[in-house]
Amino acid sequence: MASIGRITTRITRISSPHHVLRRSILQPATARFLTTTPRTFHSHNSFNDTTAANNNNNNNNNNKEDAIYTVNKEEIAKFAAMSDEWWAPQGPFKMLHLMNPPRIRYIRNRLQASGALSKNGAFGAESGKEEFSVGRFPLQGLSILDVGCGGGLLAEALARLGAKVTGLDASIENIQMARIHAKKDPLLNGVSAPGSLEYRHQTAEQLLEQGQQFDVVCSMEVIEHVENPAGFLKVLGQLIKPEGDLILSTISRTPLSYFLTIFAAEHVMRMVPVGTHHWSKYINPDELHKGVEELSKCEVLNIQGIGFNPLSGQWELTRSRDGSGSAEAGLLGLLGPPLAEASNYFLAAKKPAAATVAADGSS
Amino acid sequence: MSSLLARAVRTGIRNPLSSRLHQPMAAIRFQSTEAKAAATATEEYDVVIVGGGIAGSALACALASNKASSTLKIALIEAFDLSNHIKWSPRPDQYSNRVSSLTPKSVAFLKKIGVWSELDSSRVAACEGMQVWDGVSGARITFDAADVDGIQSSFLHQVFSGNIPTPPGVNSSTNQENLDGNKEASPLAWMTENLHVQYGLQKQLVGHQARGVKLDIFEKTKVQGITTEQGESAQPQGDWPAVQLDNGKTLVTRLLVGADGVNSPVRSFAKIESLGWDYSQFGLVGTLQIDPSTSTAPGQGKGIAWQRFLPTGPIAMLPLNNGYASLVWSTTPKIAQDLKKLPARDFCALVNAAFSASPAELEYLYKNIGPNGEPLVDFQKEIEWRTSVHDQEASQTMIRGGSSSQGDAKPPRVVDVQENSRAPFPLRMRNSSSYVEDRVVLVGDAAHTVHPLAGQGLNQGLADVECLARVIETSLLSGSDIGNIHSLTPYSSERFLPNLAMLGTVDKLSKLYNTDFGPVVWARSLGLTAVDKMGPIKNEIMRFAMGLEEPSKRS
Ligand SMILES: Cc1cc2nc3c(=O)[nH]c(=O)nc-3n(C[C@H](O)[C@H](O)[C@H](O)COP(=O)(O)OP(=O)(O)OC[C@H]3O[C@@H](n4cnc5c(N)ncnc54)[C@H](O)[C@@H]3O)c2cc1C
């Protein structure tokens with residue numbers, strides 16, 4: 001098993017965009033870490049996996065972040081307060097909260113289209129035509145990896161829909177917040193509902209080294225924050241099972257996206273913390289398309305934009321390149337590409353069957 | 001538990017005779033009670049509905065009848081006996097005094113959740129027409145089911161429609177079928193007893209339980225307190241409301257629904273302000289026996305609702321089957337109490353007078369009710385004499401009621417009033433400052449209470465319930481936490497404005513008609529007469545009142 005101590009040498013540091021802000025808040029607390037008696041923090045039922053033991057071992061090394069699982073009472077309170085803030089409906093992350101339902105809709109629609117749902121027997125035969133089945137746990141039977149899970153917004157929703165979700169984040173603060181929050185919902189405890197949720201403070205490579213693969217890998221608004229996007233896309237591709245699905249979302253590098261995500265959202269409206277985004281790291285749909293095909297070795301099936309409609313106060317999907325997805329779109333559904341993808345957008349891709357991967361492996 | 005709460009709970013229960021007027025809406029504090037929680041048995045729910053009135057029961061039914069939301073664990077709590085409703089087997093010659101008019105939209109919803117087919121069609125009366133007139137000026141407006149233009153999208157539609165798309169699988173098309181399933185022009189409304197609707201609801205609920213829906217009904221059980229535990233000893237679900245019942249149980253819930261009526265304890269818990277006022281009016285209800293042959297309206301007035309605005313408030317007679325009608329007489333508290341005590345014969349005479357005599361004559365008659373409800377003059381004789389004089393003068397003094405083809409049709413004569421059916425209810429107007437809080441949502445009278453003059457209170461409540469059930473389904477399908485305020489906001493944005501508009505309109509009507517001050521009477525007469533002549537506007541009013549204005553569907 002990979003040592004978490006090597007974390008900083010990794011090419012991809014994956015964490016939610018809000019990592020930066022959170023870190024600065026946490027500094028004083030982290031400093032207090034080692035001066036108080038360590039206490040075991042039973043955060044989640046999936047918690048007592050091998051990483052826990054690993055971290056206890058690492059408790060005396062110099063990387064304070066590694067002492068994740070032995071935190072004192074004050075720390076718990078601190079994380080809980082942060083978690084409360086992160087999850088506060090009207091808090092600084094409100095826009096992200098509002099974005100979650102359309103994200104889930106996109107994922108469901110794409111998984112439906114790619115056959116991932118019927119493959120897993122989650123849908124009855126009658127639902128084949130319906131874009132939206134009325135089943136309560138449509139993702140049941142799917143293993144989903146959420147890379148850069150942040151406070152767990154997407155991961156929780158996927159688990160509530162029945163998936164076996166692994167949330168990954170390189171920020172220990174995010175992982176702790178996510179764990180604390182997940183405990184609040186009995187639907188996520190893996191007992192009273194089919195879905196389950198496990199959070200890991202790990203990088204994607206570390207997970208890969210453990211030989212894990214998933215039916216679906218998603219990573220929402222993360223790639224524009226990683227240091228080596230190419231390496232990141234490669235690792236994501238390897239984490240997907242043959243015939244599995246990849247779902248990404250990110251922001252285009254356009255004047256519009258600069259205006260919306262940095263000028264308006266950060267500086268004028270203060271909807272998200274200043275410093276959240278770096279425009280130069282934004283990736284255009286065609287670049288991502290190419291990257292996913294060449295590096296993740298997946299076939300791109302769909303690209304679709306999403307925008308915030310200030311009139312409805314909701315995020316809405318725009319019309320996708322293949323014309324699909326406009327069924328549930330609101331006003332913004334009138335926008336077609338390229339304007340539709342000029343800011344935030346999604347990409348869905350599918351990994352070929354095992355034989356094809358091997359054949360292409362050399363390219 | 002605070003004693004304030006106890007009072008809120010007590011007064012929340014139907015208490016028709018309560019003369020207590022508008023309680024100051026001071027927020028009732030519900031402190032965290034860690035000590036209390038320890039001793040009691042705690043159970044977890046997805047949805048706890050406080051109040052098993054029609055709104056609360058209909059919500060339970062709507063959730064249980066939907067594929068996605070029927071997987072939820074639901075509790076319904078009601079202070080009164082609910083299972084009794086299932087045993088309801090009324091005599092054909094007896095009608096409960098609480099009758100409501102259900103709009104086509106409400107009926108479509110009741111059909112969707114399987115309730116309508118449970119009802120006995122012989123106890124549902126179609127209302128095909130409405131005669132509304134001004135007691136002071138005589139100006140009149142008539143509404144006819146045949147007038148309603150069912151296709152046109154309209155201005156009011158734009159104004160009142162919400163912006164929430166109807167999710168797939170939810171069929172919200174307005175149902176134009178009548179009770180027997182025949183496609184024809186929809187009546188304006190259907191009249192039936194609240195108990196009858198409750199009967200259908202409870203039957204469905206029991207059916208859902210039998211097929212395995214996790215629905216727990218706590219009847220004859222009162223909510224004693226609601227808390228959220230915070231701080232040190234907080235449970236993992238610390239921010240979930242914990243509902244303490246008087247049977248010792250505590251229910252912890254993801255989403256708490258206040259369907260608990262005008263004095264909603266849930267609303268107090270959520271510290272949601274309720275704004276509004278009490279009309280210094282009571283609504284006296286009663287079951288009347290009528291002689292249809294005395295009505296001059298076409299078809300002996302079958303299926304016609306009659307409403308006359310008097311300076312003391314409107315009086316309305318709603319059609320039931322078999323020569324019965326339901327009365328809602330809004331008037332001063334004193335007159336309402338007096339009317340309740342009058343002997344049946346004199347009471348009927350006074351009801352007949354209220355539909356025909358002048359306000360001055362009525363004043364005279366009210367004054368002749370003795371302290372124990374005994375008539376001080378022979379009401380029947382007085383009225384017969386006055387009516388004959390009145391009829392002769394009528395044609396000269398009345399401002400004619402426009403082009404109505406029926407002319408000024410006369411309502412049928414009231415010949416009897418069912419024993420013990422007279423009961424006064426205080427009338428009020430309330431709107432909550434908000435319908436949602438994190439993990440709390442209000443529906444029905446808990447959210448808003450309206451003057452009954454337009455017969456809309458229950459219909460608004462059913463529209464709330466239909467919307468909330470749809471919103472809950474949508475959040476379930478997107479994996480959201482159904483108690484989260486973001487999940488609930490679409491409900492409040494869809495319902496708040498239409499309810500407020502309805503409250504405002506009805507309130508203005510009631511104020512407008514609560515006077516005999518000359519210029520106002522003149523203006524409103526012009527208004528009624530003018531509206532009666534203006535097809536499109538009248539059409540709008542009717543469509544709105546019938547609940548035909550629906551949220552626009554985005555495709
Ligand atoms: C005279 C009159 C005539 C009307 N006519 C019409 C009409 O023609 N058409 C129309 O649409 N509307 C009409 N209405 C309005 C209509 O009756 C109400 O809007 C409707 O009944 C409200 O239903 P509800 O379920 O929201 O509230 P309620 O019927 O008030 O139900 C609330 C329930 O909550 C329960 N409860 C409260 N507190 C607690 C507690 N602490 N613990 C447990 N249970 C509790 C109560 O027991 C009660 O059963 C009329 C109203 C009046 C007064």
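- Using a 4.0 Å cut-off between a side-chain N of Lys or Arg and a carboxylate O of Asp or Glu, Arg254(B) and Asp185(A) qualify as a salt bridge.
- Between Arg136(A) and Leu72(B) there is a side-chain heavy-atom pair separated by less than 4.5 Å.
- Remark: side-chain polar atoms of Arg108(A) are paired, donor with acceptor, to backbone N or O of Leu477(B) under 3.5 angstrom.
- The choice from Asp46(B), Asp481(B), Asp438(B) that makes the most heavy-atom pairs within less than 4.5 Å of chain A is Asp481(B).
- Note that CG of Asn484(B) and CH2 of Trp87(A) are 8.0 Å apart. Values are rounded to the nearest 0.5 Å.
- A distance of 10.0 Å separates CZ of Arg160(A) from OG of Ser475(B), quoted to the nearest 0.5 Å.
- Of the atoms belonging to Leu187(A), heavy atoms from both backbone and side chain fall under 4.5 Å from chain B.
- Note that CG of Leu158(A) is 11.0 Å distant from OG of Ser478(B), once rounded to the nearest 0.5 Å.
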